[in-house]
**Q** 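The structure is given below, and queries will be raised subsequently.
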Amino acid sequence: MRICISIAEKTLDEALAASRRAAEKSPDLIEVRIDYIHPLPDDLMKFKEIAVPKIATLRPPSQGGEFIGSDREKSILLRKALRAGFKVIDIESDSPLLSRAPNEFRDAELICSSHDLHLTPETSRIIEILIENAAKGDVSKAAFKVNSIHDVLSIVEAAMIFSSTDNEFVLIGMGELGGLTRACAGRMKCSFAYASLEPGKETAPGQLDFDTVKRLGDSPIITGIIGFPLGHSVSPQMHNAAFLSLDIPGLYLPIPTRDEELEGLLDLSLELNMMGFNVTIPHKEKIVPLLDKLDDTASKTKAVNTVVILEGEMTGMNTDVYGVAKTFEKAEMRVKGKRVLVIGAGGAARACIYFLTSAGARTSLVNRTRFRADVLADDFPGVQVIEKDDAERLPFDVIVNCTPLGMRGFPDESPISNQVFREGQFVFDTVYNPRITRFLADAQGRGAVIQSGQEMLVQQAIKAFEAWTGKSPSYEVMSEAARGAIG
Ligand code: NAP
């Protein structure tokens with residue numbers, strides 16, 4: 001698959017400078033978004049020195065660009081571009097210029113493009129659009145705003161079907177979820193992928209930078225995190241730093257997935273040959289019956305935070321268990337025989353309680369919804385469910401918060417009164433953003449030894465990364481990336 005660096009700069013000099021820098025990276029193509037240059041240039045001859053095949057594009061606002069001139073002005077500028085050594089011109093599928101192209105732009109290669117900035121049609125309509133554009137140009141291009149997992153699936157399916165024709169084509173999903181189609185452009189058999197010159201220079205939402213697209217190649221390792229919402233997650237920063245440091249052609253993407261999209265996401269992950277993904281709120285328990293296999297950690301906790309896909313078979317794991325175990329190990333906190341209070345009864349609590357009961361702790365559980373705590377305790381014999389008032393009176397050696405209270409975006413509250421904290425107690429908050437929550441600050445104020453969720457975060461990520469790639473990422477690289485992302 002070829003790579004095209006897309007340049008969109010506000011002045012002719014900046015566009016030239018960016019094109020020169022792009023040429024140094026030796027891409028297969030450079031697209032100059034002439035529509036972004038203000039005022040529109042009279043003379044494009046200076047681009048002649050850029051010895052990389054170039055695409056001239058004058059996109060109108062209706063298709064995401066800034067060209068507001070007439071068809072005549074557009075035709076004149078495109079002809080000037082051809083005289084200045086541009087080899088390819090991009091014309092929108094509804095432009096009257098297309099019918100005149102064989103005469104007016106005789107030696108040019110023609111990209112016939114369609115852009116929908118609002119939605120993605122169904123697979124069959126996408127294929128029709130690709131066929132229509134292929135009939136009008138040498139390369140058929142279509143880009144659609146993706147609003148759901150279903151939209152991404154429609155685009156990928158259309159690409160797989162259309163790629164069986166001999167036509168050159170580019171098919172793109174725009175927006176955050178569209179990142180998947182950009183990362184998998186090679187797998188979708190697209191003729192080329194558009195990339196930005198560098199991060200921060202994107203010419204379309206979700207576009208990847210040239211170095212990343214080049215590193216990924218045609219068969220990248222694609223992973224990510226599914227959940228909703230995902231704004232709090234720093235996992236993309238951690239895993240992408242690890243891929244980069246090990247020079248692995250891999251990418252980890254945030255994949256916002258609503259409840260009703262979970263099954264579609266599983267289909268998509270198979271279609272894209274993904275290596276797997278992390279699972280977070282609210283899918284950790286819901287995904288369990290949809291998988292082919294569970295490892296021991298997942299079947300005991302009935303919660304999955306990591307899915308590994310091997311030859312189409314999906315295995316659920318719970319690397320949070322490892323993250324909790326490593327956290328206690330590194331803090332040299334041995335829990336055998338200790339009285340431990342766990343607050344919360346969701347996925348994180350299940351991972352903590354699995355570790356604590358396996359390690360011989362005497363575990364009590366308190367949760368906002370008593371029923372949920374009872375269900376959890378049924379799965380872990382020996383765990384005692386208690387009321388909040390009792391929890392606040394009893395003496396515990398260890399207290400663990402497994403609720404999202406205190407996490408950025410959630411109420412800045414502690415899940416329990418500070419009466420519960422004592423000198424020398426070990427107090428662990430699974431929340432990792434911010435590092436010191438109100439819960440931890442209260443505990444520290446009463447002389448407890450505190451532990452943030454950042455250690456667990458890094459450790460569970462290391463284990464997931466190893467499961468997907470078979471390689472061990474550097475602890476320092478991942479924790480540095482997490483700290484940088486959390487701030
Ligand atoms: P979950 O399955 O949705 O469970 C959340 C638990 O918190 C439930 O027991 C819920 O009680 C309780 N809760 C929610 N809001 C509450 C509130 N306002 N007051 C009292 N209790 C409340 O979520 P999860 O997957 O277990 O994740 C929980 C937290 O663990 C996350 O926010 C995250 O910070 C942390 N975590 C950290 C790591 C790490 O690597 N450091 C990994 C996983 C999770 P109900 O049963 O009454 O709804």
**Q** Compute both the distance and the angle, then confirm whether K463 meets the cation-pi test with Y322: under 6.0 Å from the six-membered ring centre, within 45 degrees of the axis.
**A** yes
**Q** Could you walk me through whether K471 and I248 pass the side-chain contact (heavy atoms from CB on, under 4.5 Å) check?
**A** CA-CA 9 Å; K471 303 249 166 60; I248 293 175; 4.0 Å; yes
**Q** Between T123 and E157, is any side-chain donor less than 3.5 angstrom from a side-chain acceptor?
**A** yes
**Q** Indicate the atoms forming the closest heavy-atom contact of L117 with G64, along with that distance.
**A** CD1-N, 3.5 Å
**Q** Are any of the side-chain nitrogens in D211 or K25 under 4.0 Å away from the carboxylate oxygens of its partner?
**A** yes
**Q** For a quick check under 3.5 Å, do Q459 and E455 share a side-chain donor-acceptor pair by atom type?
**A** yes
**Q** Mind checking the OG-CG spacing from S472 to L246? Nearest 0.5 Å is all I need.
**A** 8.5 Å
**Q** Are E92 and S95 close enough that a side-chain donor and a side-chain acceptor fall under 3.5 Å?
**A** no
**Q** Are any side-chain N or O atoms of Q460 and backbone N or O atoms of L457, one a donor and one an acceptor, separated by less than 3.5 Å?
**A** yes
**Q** Is there a donor-acceptor contact under 3.5 Å linking the side chains of D209 and T212?
**A** yes
**Q** Checking E329 against K326 for the salt bridge (Lys or Arg N to Asp or Glu O under 4.0 Å) test, could you report, in this order, the C-alpha distance in whole Å, the side-chain angles of both residues, the deciding distance, and whether it holds?
**A** CA-CA 5 Å; E329 182 193 312; K326 282 299 271 188; 3.5 Å; yes
**Q** Assess, by modelled atom type and distance only, whether the side chains of T403 and N401 contain a donor and an acceptor separated by less than 3.5 Å.
**A** yes
**Q** Check whether N318 reaches the backbone of A303 with its side chain - one donor and one acceptor, N or O, closer than 3.5 Å.
**A** yes
**Q** Got a salt bridge between D42 and K80, using NZ or NE/NH1/NH2 to carboxylate O under 4.0 Å?
**A** yes
**Q** So do V32 and T57 actually touch side chain to side chain, heavy atoms under 4.5 Å?
**A** no
**Q** What pair of heavy atoms forms the shortest contact from A81 to A56, and how long is it?
**A** CB-CB, 3.7 Å
**Q** Tell me whether S140 contacts the main-chain N or O of N133 through its side chain, where contact means a donor paired with an acceptor under 3.5 Å.
**A** no
**Q** Using salt bridge (charged side-chain N to carboxylate O under 4.0 Å, His left out) as the criterion, point out the one residue from R33, R59, K136, K54 that pairs with D90.
**A** R59
**Q** Would you indicate whether the side-chain heavy atoms of I91 and C112 approach each other to under 4.5 Å?
**A** no
**Q** State, without any angle test, whether S235 and N278 hold a side-chain donor-acceptor pair at a distance under 3.5 Å.
**A** no
**Q** If you look at every heavy atom in I34 and L40, which pair is closest and at what distance?
**A** O-CD2, 3.5 Å
**Q** Rounded to the nearest 0.5 Å, what separates atom CG in L216 from atom CG in L208?
**A** 7.0 Å
**Q** I'd like to know if the side chain of W468 reaches the main chain of T306, judged simply by a donor and an acceptor atom lying under 3.5 Å from each other, with no hydrogens or angles considered.
**A** no
**Q** Between S474 and S245, do the side chains contain a donor N or O and an acceptor N or O under 3.5 Å apart?
**A** no
**Q** Does the side chain of T301 come within less than 4.5 Å of V321's, by heavy atoms?
**A** yes
**Q** Give me each pair satisfying ring-ring contact (aromatic ring centres under 6.0 Å, His included) with a member in residues 125-168, each pair once, sequence neighbours excluded.
**A** F162-F169
**Q** Tell me the closest heavy-atom pair linking P41 and L77, and the distance in Å.
**A** O-CD2, 3.3 Å
**Q** Quick one: does K10's side chain have a donor or acceptor within less than 3.5 Å of a partner on H38's backbone?
**A** no
**Q** Can you confirm whether E104 sits close enough to L78 that some side-chain heavy atom of one is under 4.5 Å from a side-chain heavy atom of the other?
**A** no
**Q** Using only atom types and a distance under 3.5 Å, with no angle test, would you say the side chain of T165 pairs donor to acceptor with the backbone of S163?
**A** no
**Q** Would you say K302 has more than 12 foreign heavy atoms packed within less than 6.0 Å of its NZ?
**A** no
**Q** Search all heavy atoms of C4 against all heavy atoms of F192 and return the closest pair with its distance.
**A** CB-CD1, 4.0 Å
**Q** Is it true that K284 and D320 make a salt bridge, defined as a side-chain N closer than 4.0 Å to a carboxylate O?
**A** yes
**Q** Judged by atom type as modelled, is there a donor-acceptor pair below 3.5 Å linking the side chain of D28 to the main-chain atoms of I3?
**A** yes
**Q** Could you walk me through whether E413 and R438 satisfy the salt bridge (Lys or Arg N to Asp or Glu O under 4.0 Å) test, starting with their C-alpha distance in whole Å, then the side-chain angles of each, then the deciding distance to 0.1 Å, before giving a yes or no?
**A** CA-CA 6 Å; E413 290 168 19; R438 185 167 296 269; over 6 Å; no
**Q** Show the nearest heavy-atom pair for residues P256 and I149, with the distance to one decimal.
**A** O-CD1, 4.1 Å
**Q** Determine the interplanar angle of the Y252 and H239 rings, folded into 0 to 90°, and report it as parallel if under 30°, tilted if 30 to 60°, perpendicular if over 60°.
**A** parallel
**Q** Taking the side chain as every heavy atom from C-beta outward, state whether V88 and I111 have any atom pair closer than 4.5 Å.
**A** yes
**Q** With a 3.5 Å distance limit and no angle check, can you tell me whether N240 reaches the backbone of L251 through a side-chain donor-acceptor pair?
**A** no
**Q** Side chains of E66 and I68: closer than 4.5 Å at any heavy-atom pair?
**A** no
**Q** Does the pair E480/R483 count as a salt bridge with the N-to-O cut at 4.0 Å?
**A** yes
**Q** Do I486 and Q454 have side chains that approach each other closer than 4.5 Å (heavy atoms only, starting at C-beta)?
**A** yes
**Q** Taking only residues at least two apart or on different chains, which pairs with a member in residues 173-196 satisfy side-chain hydrogen bond (donor to acceptor under 3.5 Å, both in side chains)?
**A** E168-S191
**Q** Can you tell me how far CG of D94 sits from OG of S62, rounded to the nearest 0.5 angstrom?
**A** 6.0 Å
**Q** Checking E128 against S124: is there a side-chain donor and acceptor pair closer than 3.5 Å?
**A** no
**Q** Counting distance only, does the side-chain N/O of S19 pair as donor-acceptor with the main-chain N or O of A15 below 3.5 Å?
**A** yes
**Q** Spell out, as yes or no, whether a donor-acceptor pair under 3.5 Å connects the side chain of R83 to the backbone of M45.
**A** no
**Q** Once side-chain hydrogen bond (donor to acceptor under 3.5 Å, both in side chains) is applied, what residue pairs with a partner in residues 259-276 remain, sequence neighbours excluded?
**A** D259-K286
